[in-house]
Amino acid sequence: MPLQIDLLTLFPRMLDGFLAESILGKGIAAGHLAVKVHDLRAWATDKHRTADDRPFGGGAGMVMKAEPVFAAIEQVQTPGCRRIYLTPDGAPLSPTIAHRLSQERHLVLLSGHYEGIDQRIRDGVIDEEISIGDYVLTNGTLAAAVLIDALARFIPGVLGEEKSLTHESFTNKLLDFPQYTRPAEFRGMSVPEVLLSGNHAEIEKWRSARQLEKTRQVRPDLLK
Ligand SMILES: C[S@@+](CC[C@H](N)C(=O)[O-])C[C@H]1O[C@@H](n2cnc3c(N)ncnc32)[C@H](O)[C@@H]1O
């Protein structure tokens with residue numbers, strides 16, 4: 001059974017292109033995973049389809065209401081599924097988290113908007129909270145897209161060449177090495193000689209050295 005993902009959002013059309021294009025689009029078309037995007041307003045019961053309200057205690061903005069979100073999650077969830085809220089105060093997304101989630105059977109992703117969501121949703125129907133980085137987006141739909149893309153790469157068959165998973169930034173706590181393709185000479189810039197040598201041992205040595213150099217420069221924290 002392929003991984004089933006249900007995404008609950010107020011902006012379902014934001015992902016139309018994303019889910020149809022490139023490696024992810026092909027993975028979905030080939031049946032390696034299935035993604036359904038739901039409009040949360042479908043579960044709002046009043047005539048204006050209200051999904052948000054003013055925060056108790058005052059303050060700026062609006063808060064997503066508990067009733068439609070509870071109703072939506074209770075309808076799409078299945079026994080044993082993992083219900084995830086995308087939020088800047090969640091656990092930082094990492095390859096380890098993406099890999100773990102790629103092995104689940106069913107994920108329900110919740111995207112927030114405005115000032116966030118009623119805390120009772122988090123307390124009542126959410127199993128895990130994930131952030132895609134230390135910055136704040138206007139809503140969680142793109143964050144959900146990032147999570148879907150990152151985990152899909154770990155599903156067997158989604159990447160043409162599974163070995164690209166072992167040659168990526170963050171594997172072995174290193175950033176990636178520089179890549180080149182034809183032509184060997186472009187506007188006076190040449191491809192490093194060693195990559196044209198055909199000497200695989202030397203190429204590996206050069207690549208490892210570049211990885212270490214780059215990681216030291218940009219992400220020394222990974223080497224600690
Ligand atoms: C404007 S944000 C709410 C921010 C919230 N008041 C706070 O300061 O933590 C609206 C929604 O965008 C999503 N979001 C924003 N930044 C995110 C991030 N870095 N990672 C994951 N989701 C994010 C969440 O779903 C959130 O409910």
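One-based numbering, in listed order, for ligands and for the atoms of each. Numbers here are sequence positions counted from 1.
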Q: Check each atom of ligand 1 against the heavy atoms of Thr138 and keep those under 4.0 Å away; list them by number with element.
A: 10 (C)

Q: Measure the distance from atom 20 (N) of ligand 1 to every protein heavy atom, then report the residue, atom name and distance (to 0.1 Å) of the closest one.
A: Ile132 N, 3.1 Å

Q. How close does the nearest protein non-hydrogen atom get to atom 16 (N) of ligand 1, and which residue and atom is it?
A. Leu137 N, 2.9 Å

Q | Protein contact for atom 8 (O) of ligand 1 (heavy atom, distance under 4.0 Å) | A | no

Q: Could you tell me whether some N/O pair between Tyr135 and ligand 1 is separated by less than 3.5 angstrom?
A: yes

Q. Would you say the side-chain atoms of Arg41 pair up with the backbone N or O of Arg49, donor to acceptor, closer than 3.5 Å?
A. yes

Q) What is the nearest protein non-hydrogen atom to atom 23 (C) of ligand 1, stated with its residue, atom name and distance? A) Pro88 CD, 3.5 Å

Q. At a 4.0 Å threshold, what atoms of ligand 1 neighbour a non-hydrogen atom of Gly133?
A. 19 (N)

Q: Can you measure from CG (Leu109) to CD1 (Ile84) and round to the nearest 0.5 angstrom?
A: 5.5 Å

Q | Atom indices of ligand 1 within 4.0 angstrom of Glu115 heavy atoms, with elements | A | 3 (C), 5 (C), 6 (N)

Q) Is there at least one pair of N or O atoms, one from Gly116 and one from ligand 1, spaced under 3.5 Å apart? A) no

**Q.** Contact partition for Asp89 relative to ligand 1, non-hydrogen atoms under 4.0 Å
**A.** neither

**Q.** Under-4.0 Å salt bridge between Arg122 and Asp89
**A.** yes

Q. When you measure from atom 24 (C) of ligand 1 to every protein heavy atom, which one gives the shortest distance, and what is it?
A. Leu86 O, 3.0 Å

Q.
Under 4.0 Å, heavy-atom basis, I'd like to know which part of Met64 is in contact with ligand 1: side chain, backbone, both or neither.
A. neither

Q. What residue and atom, counting heavy atoms only, is the protein's closest point to atom 21 (C) of ligand 1, and at what distance?
A. Thr87 N, 3.3 Å

Q. Just wondering, more than 12 heavy atoms not from Asn172 lying within 6.0 Å of its CG?
A. no

Q: Just let me know how Leu110 lines up against ligand 1, side chain, backbone, both or neither, with a heavy-atom cut-off below 4.0 Å.
A: neither

Q: Kindly write out the residues that satisfy ring pair (Phe, Tyr, Trp, His ring centres under 6.0 Å) with His32, not counting sequence neighbours, or none if the list is empty.
A: none

**Q.** Proximal candidate to atom 11 (C) of ligand 1 [heavy atom criterion; set Ala60, Ala144, Pro55, Gly112]
**A.** Gly112

Q | Parallel, tilted or perpendicular, as decided by the 30° and 60° cut-offs, for the rings of Tyr180 and Trp206 | A | tilted

**Q.** Note: Arg216-Glu213 ion pair, threshold 4.0 Å (strictly below)
**A.** no

Q. If you measure from OG on Ser131 to CG on Leu147, what distance do you get to the nearest 0.5 Å?
A. 11.0 Å

Q | Region of Asn139 that comes within reach of ligand 1 [heavy atoms, distance under 4.0 Å] | A | backbone

Q: Tell me which part of Tyr114 gets within contact of ligand 1: side chain, backbone, both or neither, using heavy atoms under 4.0 Å.
A: backbone

Q) If you measure from each non-hydrogen atom of Ala143 to ligand 1, which part falls under 4.0 Å: side chain, backbone, both or neither? A) side chain

(Q) What's the separation between atom CD1 in Ile28 and atom CZ in Phe18, rounded to the nearest 0.5 Å? (A) 7.5 Å

Q) Under a 4.5 Å cut-off applied to non-hydrogen side-chain atoms, are Leu222 and Phe170 in contact? A) yes

Q.
Starting from atom 26 (C) of ligand 1, what is the nearest protein heavy atom, named by residue and atom, and what distance separates them?
A. Tyr85 OH, 3.7 Å

(Q) For a quick test of reading the model, state the closest non-hydrogen atom pair linking Ile97 to Pro92 and the distance between them. (A) CD1-O, 3.4 Å

Q: Could you walk me through whether Val158 and Ile23 pass the side-chain contact (heavy atoms from CB on, under 4.5 Å) test, one step at a time?
A: CA-CA 7 Å; Val158 168; Ile23 291 173; 3.8 Å; yes

